[in-house]
Amino acid sequence: MARSLDIGGDFPLLARRINGQPLTYLDSAATTQKPQAVIDAIRDYYERYNANVHRAAHVLADEATAALEDARAKVAALIGAGEARQIIFTRGTTEGINLAAACLTDRFGPGDEVLITEMEHHSNIVPWQLLCQRSGAALMACRVTPTGEIDLEDFHAKLGRHTKLVAVGHVSNALGTLNPVADLIDAANRQGALTLIDGAQAVQHVDVDVARLGCDFYAFSAHKLFGPTGIGALYGRADLLESLPPYQGGGEMIEHVSIERTTYNKLPYKFEAGTPNIAGAIGFGAAVDYLGGLPREALRDREAALVSEAIRHLKQVPGVRMVGEPSERVSVVSFLIDTGHPHDFGTLLDQQGIAVRTGHHCAMPLMERLGIPGTIRASFALYNSATDVERLVAGVEKALEFL
Ligand code: PLP
């Protein structure tokens, strides 16, 4: 029988009441709620087969190792990576980008350029600033249009023979803009530049196929994909990963150690020093399984319809100003109110059980480009329903009475 679109019941937390009201959770761009299946998988690991992975000769360690590697294979399949060894487990998107930047630093020098955009999350800005500070390379940022899209003319003007790497977000966490990453990667490839895509906001909402995209790196976090916090994945092109130096030194990443020198383990372990987040990886795998059992197409269509409805209604509320009108958008509705500060407004919504996020959303250069201090952001996920839109719009109208 076809799975119903009403999946909210899979997420125990969504049944909570907040401030005496039913919860309308519209902060999934910050982190998604977790289905029972993910909670159970983590608990099952700790209850039945908790052990450290690899290098061991007992049943528990074998089971834990098999579960960790099974999760890696599932994550690889989710994003179309040809081989599981191309998936490095990280703490999340932030660590994935830092890992790539740290390991690439030696390849950069004065005269080289890294090209990002003004739309990036700080996680896709600061690691490149650090790379530039250490190597003498220059950081270039492509402009964003007033509607919240990458200014493609500026991108092509700034992409040149000095560009050694292009790092772009797949989806903007602040505005929901779905960027034309396939075209940007193509253009970068033609210039001979490496590419890294920050997929933190994309993987839940669009089908990602890294092989088809042709990017060199793709970073994302499990917790924005119904999985646990503290775990994510960095996909890397295998030959490139092979050629890079390790990220951190320690156990697991080595092949042989003497006091004088060390030889390194094969992929992906070369980049995974120390005991990994085993429970997190198992939870990540369970989240991928959970997603695989959903009617994703239909759920995404519904989510897109909810986002459009929310925008249509909010535009009609006097005193509400929408921020960003990208032609292709997923999940996020950002707006401002004329009469008050976003933070006070967020508190008034919270009193009604409506969870949104307010502020600069870790995208200060974007806020500066748009000339605003921050926004009120409602972000949708597959478990939201028409009731959430109704409650958001009614909640906004009510909150405006107080400001
Ligand atoms: N990039 C984008 C676009 C994000 O939205 C986020 C988190 O909000 C990150 C990177 C950082 O993700 P994490 O904090 O899971 O490392």
Side-chain angles (χ1 to χ4, degrees), residues 25-34 38 75 79 87-102 114 116-130 141-142 144 148-150 166-181 184 195-206 208 215 217-235 247 277 280-281 283-284 287 323-324 326 328-334 355-367 369 374-381:
Y25 186 74
L26 293 172
D27 196 18
S28 294
T31 197
T32 55
Q33 294 306 335
K34 318 304 171 200
V38 167
V75 172
I79 60 161
I87 299 296
I88 300 162
F89 281 131
T90 61
R91 282 193 294 121
T93 312
T94 304
E95 190 182 40
I97 299 172
N98 274 281
L99 188 160
V114 175
I116 59 171
T117 80
E118 292 174 338
M119 196 191 289
E120 303 311 312
H121 187 281
H122 298 161
S123 294
N124 201 25
I125 300 174
V126 185
W128 306 116
Q129 285 175 346
L130 293 171
C142 161
V144 169
E149 293 174 307
I150 291 178
V166 173
V168 181
H170 200 158
V171 169
S172 157
N173 65 309
L175 305 178
T177 314
L178 176 60
N179 288 319
V181 288
L184 305 182
T195 51
L196 178 142
I197 303 300
D198 169 355
Q201 296 295 339
V203 182
Q204 190 205 138
H205 305 285
V206 298
V208 174
C215 55
F217 296 102
Y218 195 97
F220 62 112
S221 305
H223 73 96
K224 295 182 195 287
L225 193 65
F226 311 125
T229 51
I231 184 87
L234 177 69
Y235 156 85
Y247 174 47
N277 180 354
F284 195 174
V323 179
E328 287 207 73
R329 135 173 24 212
V330 287
S331 170
V332 171
V333 180
S334 252
V356 296
R357 190 147 293 244
T358 59
H360 55 64
H361 315 300
C362 296
M364 285 170 123
L366 176 63
M367 298 299 131
R369 160 61 59 197
T375 77
I376 301 150
R377 179 186 77 181
S379 53
F380 290 77

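Both counts, for ligands and for their atoms, begin at 1 and track the order of listing.
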(request) Ignoring angles and geometry beyond distance, decide whether Ser221 reaches within less than 3.5 Å of ligand 1 through its nitrogen or oxygen atoms. (result) yes

(message) Under 3.5 Å, is there a donor on one side chain and an acceptor on the other for Ser221 and Thr93?
(response) yes

(request) Give the numbers and elements of all ligand 1 atoms closer than 4.0 Å to a heavy atom of Thr94. (result) 11 (C), 12 (O), 13 (P), 14 (O), 16 (O)

(request) Could you tell me whether the side chains of Ser172 and Thr177 share a donor-acceptor contact shorter than 3.5 Å? (result) no

(request) Look at atom 3 (C) of ligand 1 and say which protein heavy atom is nearest, naming residue and atom and giving the distance to 0.1 Å. (result) Asp198 OD2, 3.5 Å

(message) Can you tell me how the ring of Phe89 sits relative to the ring of Phe284, calling it parallel under 30°, perpendicular over 60° and tilted otherwise?
(response) tilted

(request) Could you check atom 4 (C) of ligand 1 against the protein and tell me its nearest heavy-atom contact, residue, atom and distance included? (result) His121 CD2, 3.3 Å

(message) Checking contacts here: is it the side chain or the backbone of Arg91 that comes within 4.0 Å of ligand 1, counting heavy atoms only? Could be both or neither.
(response) neither

(request) Report, in ascending order of atom number, the atoms of ligand 1 lying under 4.0 Å from any heavy atom of Asn173. (result) 5 (O)

(message) Apply ring pair (Phe, Tyr, Trp, His ring centres under 6.0 Å) to residues His205 and His170 and explain how you reach the verdict.
(response) CA-CA 11 Å; His205 305 285; His170 200 158; over 10 Å; no

(message) Under 4.0 Å, heavy-atom basis, I'd like to know which part of Lys224 is in contact with ligand 1: side chain, backbone, both or neither.
(response) side chain

(request) Please could you name the atoms of ligand 1 that Gln201 approaches to less than 4.0 Å, counting only its heavy atoms? (result) 3 (C), 4 (C), 5 (O), 8 (O)

(message) Using a 6.0 Å cut-off, check whether atom CE of Met364 has over 12 heavy atoms from anything other than its own residue.
(response) no

(message) Does Glu328 have more than 12 heavy atoms from other residues, nucleotides or ligands lying within 6.0 Å of its CD?
(response) no

(request) For Asn124 and ligand 1, answer yes if some heavy atom of the residue is under 4.0 Å from a ligand atom, otherwise no. (result) no

(message) Is it true that His223 and Thr32 share a donor-acceptor pair across their side chains at a distance under 3.5 Å?
(response) no

